[in-house]
Protein chains: 2
Amino acid sequence: MQNATGLAETYIERWSAAADLSGPCPVRDVLDKIGDKWSMLLVMTLACGPKRFNELHREVPDISQKMLTQTLRDLQRDGLVSRHVFDTKPPSVEYRLTDLGHSLIVPFGQLIEWANQSMPSIAKSRVSFDKVA
Amino acid sequence: MQNATGLAETYIERWSAAADLSGPCPVRDVLDKIGDKWSMLLVMTLACGPKRFNELHREVPDISQKMLTQTLRDLQRDGLVSRHVFDTKPPSVEYRLTDLGHSLIVPFGQLIEWANQSMPSIAKSRVSFDKVA
DNA sequence: GCATGCACTTACCTCAAGGTAATCTTCACC
DNA sequence: GGTGAAGATTACCTTGAGGTAAGTGCATGC
């Protein structure tokens, strides 16, 4: 395995190639997704198994119905989540991660890991930075 | 190494533990950072080596001066980037990734990799989704 | 016959991220 | 003395993500 600098160069190369200095960039595109307020929370919640609409709403209490509907539709549009309607009475709807959705969990997990590990350093850095300013 | 579902459960466990159902969550915190429009672009640009202010501006042409200053200050506050003023005439300022900043490159790189690999599937999914709707 | 749960949709409003453009200071060059 | 580059800061404005609240259609339970 390469060291961090080597990796960085590889990635920045691909980034540049992808960005191509203008035009739509797949990375920016994905960042927009994962950067929004709810997508990743829902993906992580669905990672444990399929869930119904109101089940999701109960497990993520601070999301509004509107945002739940909207985020699920976006995730479905991107093929990360699939929607299954069961013709029961009343009809119930189940959401589950697709294979593509599952495949996001590993790289995204790395980032969570990084976040958890780095939080103390970041917090410390902020305190000392704010003290000076 | 565990499979994706196993990993998912591990991560969602930690996510929940960290989020604690309310209060500031380190993951949300980090997502806010990497989710913004410029932070990660700058980190990846700096990954290749230290850069001066206007050098960065030239390499990332579509960022405004205001956002460049602001994003750099935020990155500095979080300890991902360090700022070095050289007392030349005119004084020049160099920005470079800290060790913490470098450590972000690996997990973030995984995500870029995922994005690049998944882009075709996502694009296809969007087309067929939009066709129906 | 009324309330309640499910799975949404719609209209309206707010707030903050980010863009634009002007301004500042110091130095060097011509 | 005027121009231009470096490294910003400031005021103003626009846009859109997301919140709030209400309504919808259907079915079961009391």
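Values reported hereafter were calculated over all heavy atoms of this structure, with side chains retained and with hydrogens, waters and symmetry mates removed. None of these values were measured; they are calculated from a predicted model.
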Checklist line | B:Glu59/B:Lys51 salt bridge by N-O under 4.0 Å criterion | finding: yes

Note to self: Would you say CG of A:Asp99 has more than 12 non-hydrogen atoms from neighbouring residues, nucleotides or ligands within 6.0 angstrom?
What the structure shows: no

Margin query: Distance check needed: C:dG18 C1' versus B:Met67 CE, whole Å only.
Written below: 5 Å

Item checked: Donor + acceptor pair across side chains of A:Asp36, A:Ser39 (<3.5 Å) -> yes

Next item on the list: Quickly work out the A:Leu31 CG to C:dA17 P distance and round it to whole Å.
Entry: 17 Å

Notebook entry, point to check: Atom NE2 of B:His84 and atom P of D:dA8: how far apart are they, to the nearest Å?
Noted result: 13 Å

Notebook entry, point to check: Would you say A:Gln70's side chain and A:Met67's backbone share a donor-acceptor pair under 3.5 angstrom?
Noted result: no

Check: What's the verdict on salt bridge (charged side-chain N to carboxylate O under 4.0 Å, His left out) for B:Arg126 and A:Asp29, showing C-alpha distance, side-chain angles and the deciding distance?
Finding: CA-CA 13 Å; B:Arg126 283 185 190 166; A:Asp29 202 69; 3.0 Å; yes

Distances under 3.5 Å only, N/O to N/O: pair up the protein atoms with those of nucleotides 5-9 of chain C.
from	atom 1	to	atom 2	distance (Å)
C:dC6	OP1	A:Arg58	NH2	3.4
C:dC6	OP2	A:Asn54	ND2	3.3
C:dC6	O5'	A:Asn54	ND2	3.0
C:dA7	OP1	A:Arg52	NE	3.0
C:dA7	OP1	A:Arg52	NH2	3.2
C:dA7	OP1	A:Val93	N	3.0
C:dA7	OP2	A:Asn54	N	3.1
C:dC8	OP1	A:Arg83	NH2	2.0
C:dC8	OP2	A:Tyr95	OH	2.7
C:dC8	N4	A:Gln65	OE1	2.0
C:dC8	N4	A:Gln65	NE2	3.2

Check: To the nearest angstrom, how far is A:Ile63 atom CD1 from D:dG19 atom P?
Finding: 7 Å

Item checked: Under 3.5 Å: donor-acceptor pair, side chain of B:Arg28, backbone of A:Lys37 -> yes

Notebook entry, point to check: What's the CZ-C1' distance between B:Arg28 and D:dG18, to the nearest Å?
Noted result: 12 Å

Notebook entry, point to check: Rounded to whole angstrom units, what separation is found between the CD atom of A:Gln70 and the C1' atom of C:dT10?
Noted result: 12 Å

Margin query: Expressed as a whole number of angstroms, how long is the span from A:Asp32:CG to D:dT15:C1'?
Written below: 14 Å

Check: To the nearest angstrom, how far is A:His57 atom NE2 from D:dT20 atom P?
Finding: 10 Å

Note to self: At less than 4.0 Å, is any side-chain N or O atom of A:Ser64 found next to OP1 or OP2 of D:dT20? Yes or no.
What the structure shows: no

